[in-house]
Amino acid sequence: MTTVGVPAGWPATEEEARAVQDELRGRVVLDERGPEPGTGRVTGVDVAYDDQLDLVAAAAVVLDAATLEVVAEATAVGRVSFAYVPGLLAFREIPAVRAALDRLPCPPGVLVCDGYGLAHPRCFGLASHLGVLTGLPAVGVAKNPFTFSYDDPEPARGAWAPLLARDEEVGRALRTRDGVKPVFVSVGHRVSLDNAVAHTLALTPRYRLPETTRRADALCRRALREAARSVAGGVQEATTRQAPTS
DNA sequence: GCGACAG
DNA sequence: ATCTTGTCGC
């Protein structure tokens with residue numbers, strides 16, 4: 001099993017990480033609408049953890065945007081690069097995600113992240129961070145409202161309400177299934193909010209969460225199980241070798 | 001000061 | 001994120 005390490009210069013403290021966000025957020029591009037839903041490719045990325053074994057597994061799954069069929073997929077396993085701190089999620093997820101993206105055999109198209117983009121304490125969440133580092137269009141689709149507030153959208157799929165920080169719209173609470181809890185969409189990089197919402201609806205013909213994140217979630221969990229099994233197997237193998245020879 | 005807080 | 005069985009409903 002090949003493992004990816006923490007990148008050189010990766011922040012070691014929360015202070016350093018916040019400084020990186022403050023420096024990079026100026027590179028977010030907000031004046032592009034982005035590719036139209038249903039055209040080209042859309043790539044879901046997700047990460048799973050085993051904190052006991054200090055393992056992280058990431059997956060990137062490329063879908064044909066028109067058919068939602070899987071075009072390509074890749075995984076990467078490594079060590080945990082940062083503790084989970086609200087507002088600093090990107091530092092925990094990005095090294096493994098980038099390694100998985102680097103292993104894809106084709107261009108990813110639009111990235112769909114689990115989490116937020118501009119809707120963030122320093123306006124630089126995971127989706128924006130990954131977008132800036134890769135240069136790719138990126139959107140954030142989160143399952144929880146984080147620190148933001150919203151009024152419940154109408155019950156029909158497609159209905160939405162502004163996601164608010166203070167009184168600013170930083171994203172949208174979007175109903176992707178009739179009568180089901182909304183998801184929370186925000187702009188990452190090189191995509192407009194309207195288009196991010198349109199992409200999310202195009203990716204949710206059947207389930208609350210986008211097909212991209214469902215596929216990536218399943219794949220990174222599988223990769224983590226296999227990595228954990230491999231680690232456990234290695235330990236067992238070593239133990240066996242060390243058995244007394246009396 | 002205390003609690004909340006994407007994954 | 002992760003720990004976890006059954007259960008209500010389409």
Side-chain angles (χ1 to χ4, degrees), chain A residues 11 14 17-18 20-21 25 28 44-61 75-98 100 111-132 138-150 155-157 163-166 170-174 176-189 193 196 200 204-210 212-225 227-229 231:
Chain A
E14 298 182 23
R18 288 189 206 97
V20 169
Q21 292 179 329
R25 75 178 165 207
V28 176
V45 293
D46 195 18
V47 180
Y49 300 92
D50 187 322
D51 285 306
Q52 302 303 306
L53 296 176
D54 185 33
L55 282 179
V56 50
V61 180
T75 62
V77 175
R79 303 304 202 103
V80 173
S81 56
F82 210 90
Y84 172 68
V85 178
L88 301 178
L89 175 64
F91 297 93
R92 184 167 169 82
E93 307 226 323
I94 279 182
V97 167
R98 289 204 75 183
L111 298 178
V112 178
C113 303
D114 264 29
Y116 284 100
L118 293 182
H120 179 271
R122 284 167 297 284
C123 301
F124 197 67
L126 171 64
S128 297
H129 201 146
L130 193 58
V132 164
V139 309
V141 181
K143 296 181 286 295
N144 297 294
F146 199 16
T147 61
F148 307 108
S149 61
Y150 66 100
R157 162 177 156 88
L163 187 65
L164 303 172
R166 309 293 180 127
V170 295
R172 286 174 188 165
L174 174 67
T176 55
R177 303 300 304 156
D178 290 356
V180 171
K181 174 180 175 173
V183 298
F184 305 90
V185 180
S186 62
V187 166
H189 182 60
L193 184 52
T200 304
T204 50
R206 173 149 184 169
Y207 298 101
R208 172 183 178 237
L209 297 180
T212 38
T213 66
R214 289 169 42 78
R215 293 325 246 273
D217 178 77
L219 183 56
C220 70
R221 290 191 195 215
R222 192 186 323 152
L224 182 66
R225 282 199 306 272
R229 177 182 56 66
V231 169

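Computed from a prediction, not measured in an experiment: that's the story for all the values here. Numbers restart at 1 for each chain; the letters A, B, ... are given by sequence-line order, proteins then strands.
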Atom CG of A:Asp54 to atom P of C:dA1: distance rounded to whole Å? 19 Å

Just how far, in rounded Å, is C1' of B:dG7 from CZ of A:Phe148? 14 Å

So if I take every side-chain heavy atom of A:Phe146 and compare against B:dA6, C:dT2, B:dG7, which nucleotide ends up nearest? B:dA6

Out of B:dC5, B:dG7, C:dT2, which nucleotide sits closest to the side chain of A:Lys143? B:dG7

Distance, rounded to the nearest Å, where A:Phe82 contributes CZ and B:dA6 contributes C1': 15 Å

Measure the acute angle between the ring planes of A:His129 and A:Phe91, then classify it against the limits of 30° and 60° as parallel, tilted or perpendicular. perpendicular

Under 6.0 Å between ring centres, would you say that holds for A:Tyr49 and A:Tyr84? no

Check for me: is A:Tyr84 stacked on B:dG7 by the 5.5 Å centroid and 30° plane-angle rule? yes

Rounded to the nearest angstrom, tell me the gap between atom CG in A:Leu55 and atom P in C:dT2. 12 Å

What nucleic acid atoms does A:Ala48 come within less than 4.0 Å of, heavy atoms only: base, sugar-phosphate, or nothing? sugar-phosphate

NA contact type, A:Gly140, heavy-atom cut-off 4.0 Å: base, sugar-phosphate, or nothing? nothing

Tell me whether A:Arg92 is salt-bridged to A:Asp114, with the criterion being a basic N under 4.0 Å from an acidic carboxylate O. no

Non-hydrogen side-chain atoms of A:His120 and A:Gln21 separated by less than 4.5 Å: yes

Rounding to a whole Å, what distance do you find between A:Glu93:CD and C:dA1:C1'? 8 Å

Reckon A:Leu88 touches a base, only the sugar-phosphate, or nothing at all at heavy-atom distances under 4.0 Å? base

Counting only side-chain nitrogens and oxygens, does A:Asn144 get under 4.0 Å of the OP1 or OP2 atom of B:dG7? yes

Without decimals, in angstroms, what is the distance between A:Leu118 CG and B:dA6 P? 18 Å

Looking at A:Tyr49, I'd like to know whether one of its side-chain N or O atoms comes within less than 4.0 Å of OP1 or OP2 on B:dG7. no

Selected nucleotide, minimal atom distance to A:Arg221 side chain, candidates B:dG7, B:dC5, C:dA1: C:dA1

Set out, in order, the CA-CA distance, both residues' side-chain angles and the distance that settles side-chain hydrogen bond (donor to acceptor under 3.5 Å, both in side chains) for A:Arg172 and A:Thr200, then state yes or no. CA-CA 11 Å; A:Arg172 286 174 188 165; A:Thr200 304; over 6 Å; no

Rounded distance in Å - CZ (A:Phe184) to C1' (B:dC5): 14 Å

Quick check for you: among C:dT2, B:dG7, B:dA6, whose closest atom lies nearest to any side-chain atom of A:Leu224? C:dT2

Rounded to whole Å, the CZ-P distance (A:Arg214 to B:dG7) equals 16 Å

Sugar-phosphate only, base, or nothing, as touched by A:Asp46 at under 4.0 Å among non-hydrogen atoms: sugar-phosphate

